[in-house]
Structure formats: structure tokens, C-alpha cells
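Model, not experiment: these values are computed from the prediction. Starting from 1, each residue takes its place in the sequence as its number.
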Amino acid sequence: MSNSAATNRPLRVAIVGAGPAGVYAADILTKSNEVKDGDIEVSIDLFEAYPAPYGLIRYGVAPDHPRIKGIVNALHKVLDRGDIRFLGNVTYGRDLTLHDFRAFYDAVIFSTGAIKDADLNIPGVHLDGSFGGADFVSWYDGHPDVPREWPLDAKEIAVIGNGNVALDVARMLVKHPEELLVTEIPDNVYAGLKKSPVTDVHVFGRRGPAQVKFTPLELRELSHCKDVDIVLYPEDFEFDDASDEAIRTNNQIKTMVNTMTNWLVEEHAESEQPSSRRLHLHFLHSPVEILDSPETPGKVSGIKFERMELDGTGNVKGTGEFIEYPVQSVYRAIGYHGSPLEELEYDARRGVIPNDGGRVLDADGNHVPGIYATGWIKRGPVGLIGHTKGDALETIGFLLEDRLTLPPAENPDPQAIIDLLEERGIEYTTWEGWNRLDAHEAALGASWSEAAAAAAGDGSGDGVVRERIKVVPREDMVRISRG
């Protein structure tokens, strides 16, 4: 029997990672039948490597997504209840080890997500001007641990990938930065995008229009970019039997194919007044090589693809025909990959912690008592928010099933972990600190809006209204949060 059951104390649980996966796991645990029925009490600490909560929602989603606010509001409500303690600016493996967590908690749930780019193994991938899409997302989302500047000197850009991240990257590259001022975009990102000379952004997918991985909302957002023409190519609109079946039976695929087909028909009628920027959507292109510049060796000068054709099953095969595009930058957006965590097994191929339904496994495939995983580090970087909730439900179910046999914490006093952080000089942040930072970012937006209104002439509010401006430097986030 665990120490928590024997002494009738709350079950102490640490969750490492305060993105949606971690918050949902905490919320599901507090609302479980076992807790509601009084079978057990729980005491949950939610740890985050960054000074602010929300993980991927704050640092991995384009700032102009209309649904971000709704997700943030939902996560905020969970953490604002006061029954889950947030401890930010604490890095696992550096500030606290697995040994530390075992000493203070009966169970540990890892929800660290996936933030690195999946590899693309083709020649030229390491040339100057070849970038990981995830790195670019971190930059424009104001991640505190990436450089403040980004090299935006290309007129023609290739984005490889046909998922939502690829469309986010392409949209942020091609969109006029003035349209982003109504978002929480950091000032350094606005300044960088404003200097960009870009005229054409090309998005390349390996399969056909009926096999794309993005969603209708992502696709429709492309058409909302002002002074940007969407360009498609008739030769890319190939459909096999599997494509026809998918269009017939899947409303989401049908919607996207119809949308793109309509754009293809309409674009010729709108060519009288071309826009200053163009977003090209290409299909049936498999990347072969990123081309080195003969004039400036070591720098991207183009990209080479093999034309593909559908094989009847929705998959593709090569045609032996190759085509090159002149571009000065290439962004790889073919997916994310998880990172290893110290003292835990790691599946490098899938980028996950080996687990059985959320129970973490050791090298021999046995359950590691008291250690669990949820979210992308559990299942890999696929799926949307709804899948993350399902993950958390499964993991929490197993934790509750194991609760009487969990290895008991040596020191379950909630103050003990705070004492250790302070003893080690770790400048941890709290939920109250996040509320201070949240208010500060909103105040920055209000000040900017007032200045814009005054600059408009009569101070009547004709300028851009900004709800908030994201603080980027980690040291500033910590200073503001800690008061």
C-alpha cells in the first residue's frame, strides 16, 4: 500500500510540461470519480521550463489563429481555480532530476511535447538559407530561448510540407506584417517581417490535393491575407480511385478539394490587378535536393523535386521527371520530433518515451513504477487538441489504477519542493506571477494602441488596437513574474 493511502494524505503528483497535455492531465485527475467520491485526495504541481504556461499554444501556434484565444481561456480557467500549483522556469534534468521528483512525489507525468523539426535527409539541407519550420515558429512566437533576429532576405521561398505547420509558416512569411499588429506578435518579430523583400512563397506537398494533412480552417485562412494572390497549377490536380473515395466519404477532404478547385478556376479571372505577393500551392512534388549557389557557394539558390503520380491507393510513386525552382530560402515543415529526457528510455525513431498506454517503460519493456507520459511525448507529434484530451484520460486512468502500489514520496510536504528550489537559487515563477506578466503584456498593447491613435491625428482611436504585446526575453519574463 502506498504511503499516501497508509497515512491518509493527498496523493502527490508532479506534471512536467504546462502545455495543453499537462493542463488537461491535471484537470482530468482533479475531476476523476475517485477524487469526487472522496476515495482519494490529490495535490498537483505543474512544472514548466518556461516562465509562462500554455506550452505549444504560446510558442508553437501562429499568432493570427482565431481559435488560440478560446484554448488559452479554457486552460486559464483550469489553472485559475487554485487547486493546481504552477511552477514555471524550472527545467527538468537541469534544475530538478528524476531522483528529486521521486523524493517529493508519488507519481510523475511527463507532458513535454515535441519542439524540434523532423529530419529531412536530402543533399543541401545544411546550406545557409535552409531552415527548420519549428525554429521559425519559435522565432515568430517570441520563444525566450531563440535569437531575436531572423534572416529574412529571400524574395522567393520554398516551404516543404502539407500540414498545418507548413501553412502557418507560409502564411507568416507571405502576409504583410501590418495585418499581424492586432495579434500579440512581439515587436522584434514585426520589425523583422517588415524588412522582408518576399514576393513569392511556394508550398510543396508530396502527395495530391486529396491527401493533404492540413484542415479546412487553415486553408481558408490563406484567402484572408490582403494583397496576396493564391496560385495553383492544373497539372497538380490529379485524383486516383482512392482520392475519389476520400472526397466522396470524407466531408473535410471534400471541402478542402472543392475550395482549392474553386481557387484554381477563379484565379485567372482575378489576374487584372495582381497582388504584390503570391502564395503558390504545389502538389505531387517530392524534394530531392536543395541547390547550392554557384555564385555564393554554401547558400541556397534553388530546390529540386521529382514529380510524383498517384498509384491508385492514395500513395505516390516517382515519375522520373525532375523540376527545379529558383528560391533563396527553404523551410522544412514536415513534422515535429520529441526530445530525450534524462534518466528515461527514448525511442529515437518515433521521438517518444516508450510507454504502454501512458505507463512509461524501461529498457526491458517493464513499467517504471510511478512514471507516466501524456501528449506528444507519449504518442508522437500527431493529432489535434481533442486527441491530447483522450491521451490524458488514458494516462490518468492507469495512474489511478496504480495508486495503491505507487512508490511513496519520501517528503510529500508541498512546501518541501519550494524549499529545494529556493535552496538551489532557481527563480521559479508562479500562477500569480503569470497573472502579473499577463497584465503587463496587455498594458504594453494598450500603450501601443494609445500611441497609434494619437499618431492617427486626433487621438480618436483610428490607429491599430493591440490587445497585448508578448514579452520575449526570459530574464524580463522572470523579473516581471516575480514582481
Side-chain angles (χ1 to χ4, degrees), residues 62 64 120 129-131 133 136 152-176 179 193 196-216 218-239 256-291 300-309 316 319 321-334:
D64 58 346
L120 177 66
S130 172
F131 305 108
F136 182 57
L152 290 163
D153 52 9
K155 287 187 175 182
E156 299 159 305
I157 300 172
V159 178
I160 303 173
N162 250 178
N164 286 341
V165 174
L167 290 195
D168 279 354
V169 167
R171 195 176 65 256
M172 290 295 290
L173 286 166
V174 80
K175 202 169 191 175
H176 290 279
E179 286 193 74
L193 291 172
S196 172
V198 65
T199 59
D200 294 83
V201 174
H202 299 260
V203 181
F204 295 95
R206 187 171 176 270
R207 298 201 288 171
Q211 287 80 39
V212 295
K213 296 298 184 183
F214 43 75
T215 56
E218 303 282 343
L219 185 63
R220 284 195 297 268
E221 284 179 356
L222 297 182
S223 64
H224 298 158
C225 300
K226 296 178 182 177
D227 191 34
V228 176
D229 286 336
I230 299 175
V231 184
L232 299 105
Y233 299 86
E235 62 270 25
D236 290 346
F237 280 74
E238 179 181 313
F239 303 95
M256 289 191 292
V257 170
N258 284 346
T259 298
M260 289 186 287
T261 303
N262 288 338
W263 287 349
L264 182 64
V265 172
E266 292 168 0
E267 71 177 72
H268 301 291
E270 298 175 356
S271 59
E272 293 180 8
Q273 289 187 320
S275 300
S276 66
R277 295 180 175 182
R278 289 159 294 281
L279 179 60
H280 306 255
L281 298 180
H282 303 267
F283 304 101
L284 300 169
H285 282 66
S286 182
V288 173
E289 181 182 2
I290 299 173
L291 303 175
V300 171
S301 67
I303 185 166
K304 181 179 181 180
F305 292 91
E306 181 178 8
R307 287 285 302 180
M308 311 300 284
E309 62 182 8
V316 291
T319 65
E321 176 190 349
F322 296 90
I323 185 170
E324 297 180 3
Y325 295 85
V327 296
Q328 298 82 52
S329 288
V330 175
Y331 289 76
R332 310 177 303 278
I334 58 172

If you look at every heavy atom in [X] and [Y], which pair is closest and at what distance?
{"X": "Arg307", "Y": "Asp236", "value": "NH1-OD1, 2.6 Å"}
{"X": "Ala210", "Y": "Val257", "value": "CA-CG2, 3.9 Å"}
{"X": "Met260", "Y": "Pro209", "value": "CE-O, 3.7 Å"}
{"X": "Leu120", "Y": "Pro287", "value": "CD1-CG, 4.3 Å"}
{"X": "Val288", "Y": "Glu306", "value": "CG2-N, 3.5 Å"}
{"X": "Arg206", "Y": "Val316", "value": "NH1-CG2, 3.5 Å"}

For the residue pair [X] and [Y], establish whether any side-chain heavy-atom pair is separated by less than 4.5 Å.
{"X": "Lys155", "Y": "Gln328", "result": "yes"}
{"X": "Phe283", "Y": "Val212", "result": "yes"}
{"X": "Leu284", "Y": "Thr319", "result": "no"}
{"X": "Ile323", "Y": "His285", "result": "yes"}
{"X": "Val159", "Y": "Val201", "result": "yes"}
{"X": "Glu309", "Y": "Glu321", "result": "no"}
{"X": "Ser329", "Y": "Val300", "result": "no"}
{"X": "Tyr325", "Y": "Glu156", "result": "no"}

Please report the C-alpha distance between Arg207 and Lys213 in whole Å, then the side-chain angles of each, then the deciding distance to 0.1 Å, and finally whether the side-chain contact (heavy atoms from CB on, under 4.5 Å) criterion is met.
-> CA-CA 10 Å; Arg207 298 201 288 171; Lys213 296 298 184 183; 3.7 Å; yes
Would you call the rings of Phe131 and Tyr331 parallel, tilted or perpendicular if under 30° counts as parallel and over 60° as perpendicular?
->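 Aromatic pair Phe131/Tyr331 classed tilted.
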Carboxylate-amine/guanidinium proximity below 4.0 Å for Arg171 and Glu221 =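 The answer is yes: the pair qualifies as a salt bridge.
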Quick one: do Lys175 and Asp168 make a salt bridge, cutoff under 4.0 Å?
->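 Salt bridge between Lys175 and Asp168, a charged N being under 4.0 Å from a carboxylate O: no.
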In Å and rounded to the nearest 0.5 Å, what is the [atom1] to [atom2] distance from [X] to [Y]?
{"X": "Leu219", "Y": "Leu281", "atom1": "CG", "atom2": "CG", "result": "7.0 Å"}
{"X": "Met172", "Y": "Glu179", "atom1": "CE", "atom2": "CD", "result": "11.0 Å"}
{"X": "Ile290", "Y": "Ile160", "atom1": "CD1", "atom2": "CD1", "result": "5.5 Å"}
{"X": "His280", "Y": "Tyr233", "atom1": "NE2", "atom2": "OH", "result": "4.5 Å"}
{"X": "Leu167", "Y": "Leu279", "atom1": "CG", "atom2": "CG", "result": "8.0 Å"}
{"X": "Asp200", "Y": "Asp229", "atom1": "CG", "atom2": "CG", "result": "10.0 Å"}

Ser196 side chain vs Leu193 backbone, donor-acceptor pair below 3.5 Å |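 Checking the backbone N and O of Leu193 against the side chain of Ser196, no donor-acceptor pair under 3.5 Å is found.
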Where do Leu152 and Leu173 land on the side-chain contact (heavy atoms from CB on, under 4.5 Å) test, with the steps shown first?
-> CA-CA 9 Å; Leu152 290 163; Leu173 286 166; 3.8 Å; yes
side-chain contact (heavy atoms from CB on, under 4.5 Å) between His202 and His282: does it pass, once the steps are laid out?
-> CA-CA 7 Å; His202 299 260; His282 303 267; 2.9 Å; yes
Start with the C-alpha gap between Arg277 and Cys225, add the side-chain angles, then the distance that decides, and say whether side-chain contact (heavy atoms from CB on, under 4.5 Å) holds.
-> CA-CA 10 Å; Arg277 295 180 175 182; Cys225 300; over 6 Å; no
